[in-house]
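From a predicted model like this one, the values you see are computed outputs, not experimental measurements. Because only heavy atoms are used, hydrogens play no part in the values below, and waters and symmetry mates are left out as well, while side chains stay in.
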Amino acid sequence: MSEHTTSGTKARLYDAFATSGKALASGKRLELLDLPAQGERTVDALAKAAGLNLTTASAHLQTLKQAGFVATRREGVRIHYRLAGGDVVQLFALLRKVAEAHQAAVPAARDAYLGEDTAPELSREELRARIAAGDVVVLDVRPVEEYRAGHIPGALSIPVEELAERINELPEYTEIVVYCRGEYCVLAHDAVRLLTDRGRRAIRLDDGMLEWRLSQLPVDVSDLT
């Protein structure tokens, strides 16, 4: 059977592929993929974190669900969303890197969002060595629920919006390595700037929790004590 005589079935196949592409063709839907990559979240929590009303967030999430990118769990009247699998996380991370490499607008938009930053960065490998040596404090500045869903072993949790008031909880003379959701997360950038302005020695992990998970490095999911 020639390719020409099977053109109808081939078209249906590629249309099925295109469904996934269409589901990703929204900045807000990509943001709604980024958030449950940190851990399962309710619709209300996702809507609040993405700056959307509940109706709009639910519609976007349904589109992602129909494309197979997210799965749900019901608890009473509450619907919890999670990513459908590790391959979705990989796709999301790869999409961002491909866009940065090939879309001229991305680097400028990234810099405008993250802000000017001359602070040094640390790779995952370097951070693991520093943790083993015991000469750094690792600080997770994501929201508490994301920390609880999974964090770098030994990391302290101080959400970035609480950091100014809780800075005295951090050792004064030990270098602080800050991380948040991933390479394009602004929270760590803001935290490093605040810590530096307060006279602390602070550097940033060059990516974040998303890339840490993708590298299959150890993750602690224990609750805060």
T63 and Q66: side chain donor to acceptor below 3.5 Å
no
Quick one: closest heavy-atom pair of [X] and [Y], and the distance?
X	Y	value
K22	R29	O-NH2, 3.2 Å
V219	G150	CG1-CA, 3.6 Å
L214	A93	CD1-CB, 3.7 Å
N53	A47	O-CB, 4.2 Å
P218	P153	O-CD, 3.2 Å
Y179	A155	OH-CB, 3.7 Å

Spacing of [atom1] belonging to [X] relative to [atom2] belonging to [Y], to within rounding of 0.5 Å:
X	Y	atom1	atom2	value
L114	C185	CG	SG	8.5 Å
D190	L163	CG	CG	10.0 Å
Y81	L64	OH	CG	9.0 Å
I152	I131	CD1	CD1	6.0 Å
K48	R41	NZ	CZ	10.0 Å
R181	L187	CZ	CG	5.5 Å

Cluster overlap [X] with [Y], hydrophobic side-chain contacts below 4.5 Å:
X	Y	answer
I176	V186	yes
V178	L156	yes
L139	V192	yes
F69	V43	yes
L61	V88	yes

Is there a side-chain contact between [X] and [Y] in this structure, where contact means two heavy atoms from C-beta onward sitting under 4.5 Å apart?
X	Y	result
V70	L33	yes
R142	P159	no
L127	W212	yes
L24	L30	yes
I158	V141	no
I79	T42	no
V177	R130	no
D44	L54	yes

Reference residue T72; test side chain to side chain donor-acceptor pair (under 3.5 Å); the match among H80, R82, K65
K65
For a quick test of your reading: what N or O donor-acceptor pairs under 3.5 Å do the side chains of residues 199-210 make, sequence neighbours left out?
{"residue": "R200", "atom": "NH1", "partner": "L170", "partner atom": "O", "Å": "3.1"}
{"residue": "R200", "atom": "NH1", "partner": "P171", "partner atom": "O", "Å": "3.0"}
{"residue": "R201", "atom": "NH1", "partner": "Y173", "partner atom": "O", "Å": "3.2"}
{"residue": "R204", "atom": "NE", "partner": "H189", "partner atom": "NE2", "Å": "3.4"}
{"residue": "R204", "atom": "NH1", "partner": "D117", "partner atom": "OD2", "Å": "2.3"}
{"residue": "R204", "atom": "NH2", "partner": "E121", "partner atom": "OE2", "Å": "2.2"}
{"residue": "D207", "atom": "OD1", "partner": "R124", "partner atom": "NE", "Å": "3.3"}
{"residue": "D207", "atom": "OD2", "partner": "R124", "partner atom": "NE", "Å": "2.9"}
{"residue": "D207", "atom": "OD2", "partner": "R124", "partner atom": "NH2", "Å": "2.9"}

Using a 4.5 Å side-chain heavy-atom cut-off and chaining through intermediate ILVMFWY residues, the residues clustered with L13 come out as Y14, F17
Step by step, would you call R148 with E145 a salt bridge (charged side-chain N to carboxylate O under 4.0 Å, His left out)?
CA-CA 5 Å; R148 286 177 170 153; E145 61 268 24; over 6 Å; no
Counting distance only, does the side-chain N/O of E165 pair as donor-acceptor with the main-chain N or O of E162 below 3.5 Å?
no
Result block: side-chain N/O donor-acceptor pairs under 3.5 angstrom for residues 94-105, not counting sequence neighbours:
{"residue": "R96", "atom": "NH2", "partner": "E211", "partner atom": "OE2", "Å": "3.4"}
{"residue": "K97", "atom": "NZ", "partner": "E183", "partner atom": "OE1", "Å": "3.3"}
{"residue": "K97", "atom": "NZ", "partner": "E183", "partner atom": "OE2", "Å": "3.2"}
{"residue": "E100", "atom": "OE1", "partner": "Y184", "partner atom": "OH", "Å": "2.1"}
{"residue": "E100", "atom": "OE2", "partner": "R110", "partner atom": "NH1", "Å": "2.2"}

Check this for me: does any side-chain nitrogen of one of D15 and R12 sit under 4.0 Å from a carboxylate oxygen of the other?
no
Checking V144 against S157 for the side-chain contact (heavy atoms from CB on, under 4.5 Å) test, could you report, in this order, the C-alpha distance in whole Å, the side-chain angles of both residues, the deciding distance, and whether it holds?
CA-CA 7 Å; V144 170; S157 172; 4.3 Å; yes
Assess whether salt bridge (charged side-chain N to carboxylate O under 4.0 Å, His left out) is satisfied between E31 and K28, documenting all intermediate values.
CA-CA 5 Å; E31 188 175 350; K28 278 300 179 183; 3.1 Å; yes
